[in-house]
Student: 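Have a look at this one.
Just follow the structure's listing: the first ligand is 1, and inside any ligand the first atom is 1.
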Amino acid sequence: MALWGGRFSESSDIKFKQFNNSLYIDYRLIKEDIQSSIAWSKVLCNVNILTNEEQKLIEKTLYWILEKYLNNSEKVLSSGAEDIHSFIENILIDKIGNIGKKLYTGRSRNDQIATDLKLWCKNKSKIICKKILQLQSIFLSQARLYQDSIIPGYTHLQKAQPITFSYWCLAYIEMLERDRLRVLDVVKRLDYSPLGSGSISGTSWNINRKKLAELMGFTSVTKNALDSVSDRDFILDILFTASTSMMHLSRFSEDLIFYNSGEVNFIELSDSITSGSSLMPQKKNPDILELIRGKCSGVYGSLFSTFTLLKGLPLSYNKDFQEDKKYLFQGLDIWEECLRMSKLVLKNMRLDTERARVLAEEGYGNATELADYLVRKGISFRDSHHISGKIVLESIRQNKFLEELDLVTLKKFCPVIKKDIYQDLTLEACLEKRNIVGGVSKKQIKIALDCVAQRLLILEK
Ligand code: ARG
């Protein structure tokens, strides 16, 4: 029976009932709904709605429901209940009758669902943060494995300057760290319990909301009931965070797709994570990476669907909100899965260090070094940039690397060039010169890796 049947003399049209039901989505909130119900039962004792014995019986039965149904979603889904709140209520009343009915004193599904969603976001955030740390950890091991391996660095997808593979890994560790901090920030902002807000204007029972919040692990309570039942900002916040992180993962995927392409080809992906073509026998495709890149769109979709859902809604609760869970669950599930898949990719890739080095040598990635050399000899950077450009042009004409031009040729472009130029043009020199915080020199990379390792050690405890 529906929770609200009293006022109705006709039963629901079956089609409307199906349309209205949300159990098929919100069954996932069973743990959170039971957690908040147990907390609610405890504060009901303080206002003499429940005796201690009654509270204990309710709590015991709620745990029993959790144990029986948490991993039995088929049973839950086939119950025909309107939503997870009705499902739990029906079973509770079925088991303990009138005592169970008392639990619904002073509480509305409006404050109940807002509370459950916040609890769910907090739980999921913990899982996501753990996944981020694990992914950072794999990046760190790969960075260590290929600590001194040089690869070409790109801008505009044109070779720019040499970097190392570990440096590339460190860039993603940074992005992921910002993602992790964003999650923590979202949790901090949502960590206020809406329970006790009732339908829209607060409950008429003298509930200790602070104590109630503490029982559920919230830092404190929300300040306005009307806002509390209408607020879904935290869903937007977490979906924005997911979107940003997915954008990072899509760029990571794109980098590896490019490095793995037939033309570049310095990254090899193992057979276990690649797939073939039904027609072309020679193919070995990086589907896993393309899927991560592609699934990013689903997370953006969730964010924008939620924005659109909320736009222009009058205060306070509107049934439109029921749709929010679909987007929230979809967005965060995709994110979690893609974090897991990215880890799998990193575990199953190999860098062809020889080939990466050869590619880094091509493309005149040391032209900046030549310009900087001239600056050290007293020429202004604008002029040295121009001279270095002319020398690049000559090298292209002769089909040679910069360092393959002889001193006589180089001197024609600028007489201050001496024999010592050649040591500045090696790949190693290009890296070592950048010995500045955040730079690509060996020393800086070692500092950065140690710093990440230390952070992970503390956080993974
Ligand atoms: N299933 C509903 C939701 O997800 C629960 C809240 C229902 N509240 C109401 N006033 N009908 O939003």
Student: For ligand 1, which atoms have a heavy atom of N110 less than 4.0 angstrom away?
Tutor: 8 (N), 9 (C), 10 (N)
Student: Which atoms of ligand 1 sit under 4.0 Å from any heavy atom of K325?
Tutor: 3 (C), 4 (O), 12 (O)
Student: Hey, is R189 close enough to D185 for a salt bridge, meaning N to O under 4.0 Å?
Tutor: yes
Student: Got more than 12 heavy atoms from elsewhere within 6.0 Å of NZ, K284?
Tutor: yes
Student: Checking ring pair (Phe, Tyr, Trp, His ring centres under 6.0 Å) for the pair F258/Y154: CA distance, chi angles, key distance, verdict?
Tutor: CA-CA 11 Å; F258 175 64; Y154 298 84; 5.1 Å; yes
Student: Any idea which atoms of ligand 1 are less than 4.0 Å away from a heavy-atom of S22?
Tutor: 1 (N)
Student: For atom 11 (N) of ligand 1, what's the nearest protein heavy-atom neighbour? Residue, atom name and distance, please.
Tutor: R109 NH2, 3.7 Å
Student: For the pair D333 and R28, find out whether any cationic side-chain nitrogen is under 4.0 Å from an anionic carboxylate oxygen.
Tutor: yes
Student: Flag the pair K211 and E214 as a salt bridge only when some basic side-chain nitrogen lies within less than 4.0 angstrom of an acidic carboxylate oxygen.
Tutor: no
Student: Only heavy atoms of D26, strictly under 4.0 Å: list the atoms of ligand 1 that pass.
Tutor: 1 (N)
Student: For the 3.5 Å polar cut-off, considering only N or O atoms, please tell me whether H85 and ligand 1 meet it.
Tutor: no
Student: Can you tell me if CD on E362 sees more than 12 non-hydrogen neighbours from other groups inside 6.0 Å?
Tutor: yes
Student: Around atom 12 (O) of ligand 1, find the nearest protein heavy atom and jot down its residue, atom name and distance.
Tutor: Y317 OH, 2.5 Å
Student: With the threshold set at 4.0 Å, does a side-chain nitrogen-carboxylate oxygen contact exist between E82 and R109?
Tutor: yes
Student: Could you tell me the residue and atom name of the protein heavy atom closest to atom 1 (N) of ligand 1, and the distance to it rounded to 0.1 Å?
Tutor: Q322 OE1, 2.8 Å
Student: Is there a polar contact, in the sense of an N or O pair closer than 3.5 Å, between K319 and ligand 1?
Tutor: no
